[in-house]
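Worth knowing before you read on, the calculation uses all heavy atoms, side chains too, and leaves out hydrogens, waters and symmetry mates.
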Amino acid sequence: MPLILSAAQVRELLDMREAIDACAQALAELSAGEAVMPVRSTTAVRPHAGAMLSMPAYLGRTDALGSKLVTVYPHNPRRGLPTILAVVLLHDPETGAVLAIMDGAELTAVRTAAASGAATRHLATPGPKVLAVLGAGVQARSHLWAMREVAQVTRCRIYSRTRARAEAFQRDLAPRVGVPIDVVDSAEAAVRDADLVVLATTAVEPIVRWEWFRPGCHINAVGSHTPTARELDSETVARARVVVDSREAVFAECGDVLIPLQEGRITRDHVADELGEVIEGTKPGRTHPDQVTLFKSVGVAVEDVATAALVYRNARARGLGTMVDL
């Protein structure tokens, strides 16, 4: 009988440090050829301005099998619903039986930030860090959590096009994280002189410029994941050391990379490393302290399956969830 896990239970069962380790392992398996992961398929629902994404994966080393179904409906906030809704199925890899069905929105919020945490652990320079966060939604909040797990964050600057959302971010999180959070009035004010930058916006055009980034900065860019949308200007992509979660996925759907490629600013070889290769030690990642490193993530299914397996193990150990007979 499958175990059913609600959003609240998934939230309770997920520890960010454990999730960072699980995502790092999953990406290492992917880059080593020990995972099976088709590029996600998208089903457009044009009459309702929505889309459904299907994301299956099998992790050979971890021996975990599962899939995530995600719906993206930009007009949902008008209905009082989240833009992104998701459910994750975890299967027994030996029999194919369903082990668990769990909320995918909470899981996605953590696993995306966890992958950025793994990237920051391997690509950022050591020492105290000023963190810039662009965007004030779920991913911005999760990324502050993740960055504090892997870096010595001494101050955070937050920018959102809607200042009230940035102020809510500051008001809600500053007392809990023990780090000063400053609301600033522009993306440039957030990024200049920052050591770590998180881009977690819904922008479709670049919101940052190369000249704003300090030498040695590390950037985690997670907001855009369609061929026509991007957060980064072409100059930044062309001049940074670019590390990705999956080359195949990035070249299929990532405007941050595809647009500079179409402009002739970069070649495919410019996407130097997959993060899994850096984790495994087969690629160098950062090669110089003053180098600007960029982790471009579109989010891949191995991260979901690895995180779901972690949630399931924790749920069984703690006796959480509801068993159902389908």
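In this structure Asp269 satisfies the salt bridge (charged side-chain N to carboxylate O under 4.0 Å, His left out) test with no other residue, sequence neighbours excluded. In this view, Gln291 and Arg241, Arg286, Thr287, His288, Thr293 satisfy the side-chain contact (heavy atoms from CB on, under 4.5 Å) rule, not counting sequence neighbours. Every residue meeting the side-chain contact (heavy atoms from CB on, under 4.5 Å) condition with Asp195, not counting sequence neighbours, appears here in chain and number order: Lys129, Val130, Arg214. With sequence neighbours excluded, no residue satisfies salt bridge (charged side-chain N to carboxylate O under 4.0 Å, His left out) with Arg148. By the salt bridge (charged side-chain N to carboxylate O under 4.0 Å, His left out) test, Arg313 pairs with no residue at all, sequence neighbours left out. In this structure, the side-chain contact (heavy atoms from CB on, under 4.5 Å) partners of Pro260, at least two apart in sequence or on a different chain, are Arg230, Ser234, Val237, Arg265, Ile266. Under the side-chain contact (heavy atoms from CB on, under 4.5 Å) criterion, Ala32 pairs with Glu34, Arg61, Glu280, not counting sequence neighbours.
Atom OG1 of Thr307 and atom CD of Glu18 lie 11.0 Å apart (nearest 0.5 Å).
Between the side chain of Glu188 and the main chain of Trp212, no donor-acceptor pair closer than 3.5 Å is present. With hydrogens and angles ignored, the 3.5 Å screen pairs no side-chain donor or acceptor of Lys283 with any backbone N or O of Glu277. A donor-acceptor pair is defined here as one N or O able to donate and one able to accept, closer than 3.5 Å; no such pair exists between the side chain of Asp273 and the backbone of Leu275. For Asp245 (side chain) and Ser297 (main-chain N/O), no donor-acceptor pair under 3.5 Å exists by modelled atom type. Here the side chain of Thr62 pairs no donor or acceptor atom with the backbone of Ala64 at under 3.5 angstrom. The main-chain N or O of Arg165 is never found under 3.5 Å from a side-chain atom of Thr162 such that the two would form a donor-acceptor pair. Judged by distance alone, the side chain of Thr236 and the main-chain N or O of Leu232 form no donor-acceptor pair under 3.5 Å. Between the Thr201 side chain and the Gly135 main chain, no donor and acceptor come within less than 3.5 Å of each other.
Within the structure, every pair that satisfies the salt bridge (Lys or Arg N to Asp or Glu O under 4.0 Å) test and touches residues 316-326, not counting sequence neighbours, is listed here: Glu12-Arg318. For residues 67-89, the pairs satisfying salt bridge (Lys or Arg N to Asp or Glu O under 4.0 Å) are Lys68-Asp304, with sequence neighbours left out. Within the structure, salt bridge (Lys or Arg N to Asp or Glu O under 4.0 Å) contacts touching residues 81-98 (residues at least two apart or in different chains) do not occur.
Here Leu131 is tied into one hydrophobic group with Val133, Leu144, Met147, Val153, Ile158, Phe169, Leu173, Val177, Val179, Ile181, Val183, Leu196, Val198, each link being a pair of ILVMFWY side chains closer than 4.5 Å.
Glu274 places none of its side-chain heavy atoms less than 4.5 Å from the side chain of Val278. At a threshold of 4.5 Å between non-hydrogen side-chain atoms, the residues Val257 and Phe251 count as touching. Met1 has its side chain out of reach of Val324: every pair of non-hydrogen atoms, C-beta onward, lies at least 4.5 Å apart.
When Arg155, Gln170, Arg157 are each tested for a side-chain hydrogen bond (donor to acceptor under 3.5 Å, both in side chains) with Asp182, only one passes: Arg155. Of the options Leu89, Val88, Val87, a side chain to side chain contact (heavy atoms under 4.5 Å, CB included) to Ser67 is made by Leu89 and by none of the others.
Arg161 and Thr202 are linked by a side-chain donor-acceptor pair at a separation below 3.5 angstrom, with hydrogens and angles left out of the test.
One finds no salt bridge joining Asp233 and Arg239 here, because no Lys/Arg side-chain nitrogen approaches an Asp/Glu carboxylate oxygen to under 4.0 Å. Asp185 has a carboxylate O that lies under 4.0 Å from a charged side-chain N of Arg163, or vice versa, which qualifies the two as a salt bridge. The existence of a salt bridge linking Arg40 and Glu253 is confirmed by a sub-4.0 Å separation between a basic side-chain nitrogen and an acidic carboxylate oxygen.
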I would like to know whether Val204 and Thr226 meet side chain to side chain contact (heavy atoms under 4.5 Å, CB included); could you show each step before the answer?
CA-CA 9 Å; Val204 296; Thr226 63; over 6 Å; no
Verdict with reasoning, Thr83 to Val72, per side chain to side chain contact (heavy atoms under 4.5 Å, CB included):
CA-CA 6 Å; Thr83 300; Val72 183; 4.2 Å; yes
Decide yes or no on side chain to side chain contact (heavy atoms under 4.5 Å, CB included) for Leu13 and Leu5, but give the supporting numbers first.
CA-CA 10 Å; Leu13 291 164; Leu5 292 163; 4.0 Å; yes
List the atom pairs, donor and acceptor, that lie under 3.5 Å between side-chain atoms in residues 44-52 and the rest of the protein, sequence neighbours left out.
none

